Amino acid sequence: MHQNGFTTTILHSDREQSVEHGAVHKPMHPSSEFAYEDARELAAVFQGKAGFTYARQGTPTTTALEAKVSRMEGGKGTVSFATGMAALSAIFTTLLRRGDHLVSSQFIFGNTNSLLGTLQELGVEITFVDVTDAAQVRAALRPETRMVFTETIANPGTQVADLAVIGQICREHGLVYVVDNTLTSPWMFQPASVGASLVMNSLSKYISGHGNALGGSVTDTGLYDWSGYANIYEAYRKGPSTSWGLTQVKKKGLRDMGGTLAAEPAHRIAVGAETLALRMARHCSNALALARLLESHRGVARVHYPGLPGHPQHERAKALFGSRFGGLLGVELAEGVDCFDFLNRLRVVLMATHLGDTRSLALPAAHTIYYEMGPERRRQMGIADSLIRVSVGIEDEADLLFDFDQALNACLPG
Ligand SMILES: *Cc1c(COP(=O)(O)O)cnc(C)c1O
């Protein structure tokens, strides 16, 4: 039987639930509460029947977006949040307890690094390892280990985790495998394919794509059987045991912690998602062209990009991501090229944090997003003082190449 592809599926997903008046989008529902004709029906929804009660726990608008994310990830269910950080907070704080052990990638988003520090204060033990080498994950395991966490491609060093082998290790040891898929997006990679239990996405990045909405999501792949997981509350041990974890993330994480995605950003993200495949292909081709230019430029010492044959995980990235390498570059400038001077000369590229926007963005990583963690942790994460992080946008390729070339040439010493 014919199966529709990625973009066709997303474009037509709202219509599957017959939208009012033939509208092509699910409408935005700004209501805070949902009323019922019959009080028994209200009680039934509180007791687990599908439906809406109070918007903190979801609306028809967030539900429509969640269905799209589940389709994109090949998952069984998704819960959306106000931001990616709210999604990560919900996963870690609702599924881990004092005395539990987490094995985490040492190459992680700066704010995730800070969040894991808070988790340590609360009594969760964490070992940070180099996830490009799955043996380090195996060596870190303890009897109290409950979960392994990694990103797909790390930022800004672009290390590619040994995602498939880590998945096997988690399966052998019954561990929850959480993958942050933000840098790859479900168009490049579905973590379910390597056995992930939960997939997190910052919807603010490529999925939304236009720099006009924040959001986050947790998708359940249905691959983990939570019946043997100690931290699931009795109340959520109902229905198939493969869905208990996401139920707990939704109840304890979304409902109780309250990082709810509002209807308007949910709608914007859903519209953005319609062109994810088109944008992502352009991000990837622009980034590869730029990486090649920069690699051969006198003003550059090193380029970190998985699409370059010299990248330590180039072959792995080809195999995992179907020879698509993403839109993020780490660029170490040559001795004598001042990173601030260089950035100030860029004309098309914006100096801003954020990534996955249609517009190209650049910043000096050690002095901004990785400033708070200090020099020692930066060394451990491989972040040099001269490292520029570039989120390559979808501008015309020639304009981007010209902009970087002119800015570098103007900064060359002597
Ligand atoms: C941006 C980002 C997050 C956090 O997402 P927000 O939506 O900004 O809260 C988490 N992980 C990665 C890899 C990110 O790039």
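Everything numeric here is computed off the predicted structure, so don't read it as measured data. Just so you know, ligand 1 is whichever comes first in the structure, and atom 1 is the first atom listed for that ligand. Numbers here simply count residues along the sequence, with the first being 1.
- Gly84 N, 3.3 Å is the protein heavy atom nearest to atom 6 (P) of ligand 1.
- Atoms of ligand 1 found under 4.0 Å from any heavy atom of Glu151, numbered from 1 in the order shown, are 13 (C).
- Using a 4.5 Å heavy-atom cutoff, the side chains of Thr368 and Arg389 are not in contact.
- Geometric assessment of Lys252 against the ring of Phe92 yields a negative cation-pi assignment under the 6.0 Å and 45° thresholds.
- For Arg302, the CZ atom counts as loosely surrounded, since its 6.0 Å shell holds 12 or fewer non-hydrogen atoms of other residues, nucleotides or ligands.
- Taking a 4.0 Å cut-off on heavy atoms, Gly215 registers as neighbouring ligand 1.
- When only interatomic distances are considered, the shortest N/O to N/O separation between Lys205 and ligand 1 falls below 3.5 Å.
- The protein atom (non-hydrogen) at minimum distance from atom 5 (O) of ligand 1 is Ser202 OG, 3.0 Å.
- An N or O contact shorter than 3.5 Å links Met85 to ligand 1 by distance.
- In this model, no donor atom of one side chain and acceptor atom of the other lie less than 3.5 Å apart for His173 and Thr145.
- Arg324 has its side chain out of reach of Lys318: every pair of non-hydrogen atoms, C-beta onward, lies at least 4.5 Å apart.
- Close contacts of ligand 1 with Leu183, meaning ligand atoms under 4.0 Å from a residue heavy atom, involve 13 (C), 15 (O).
- The closest approach between any non-hydrogen atom of Asp180 and ligand 1 is below 4.0 Å.
- No part of Asn111 comes within 4.0 Å of ligand 1, judged by heavy-atom distances.
- From the protein, the heavy atom lying nearest to atom 7 (O) of ligand 1 is Ser204 OG, 2.6 Å.
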*Decide yes or no on salt bridge (charged side-chain N to carboxylate O under 4.0 Å, His left out) for Asp403 and Arg347, but give the supporting numbers first.*
CA-CA 6 Å; Asp403 200 28; Arg347 292 289 165 261; over 6 Å; no
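- Side-chain contact, Thr7 with Glu274: no donor N or O sits under 3.5 Å from an acceptor N or O.
- Between Phe109 and ligand 1, a contact under 3.5 Å exists for no N or O pair.
- At least one test fails for Arg292 against the ring of Phe404: distance under 6.0 Å to the centre or angle within 45° of the axis.
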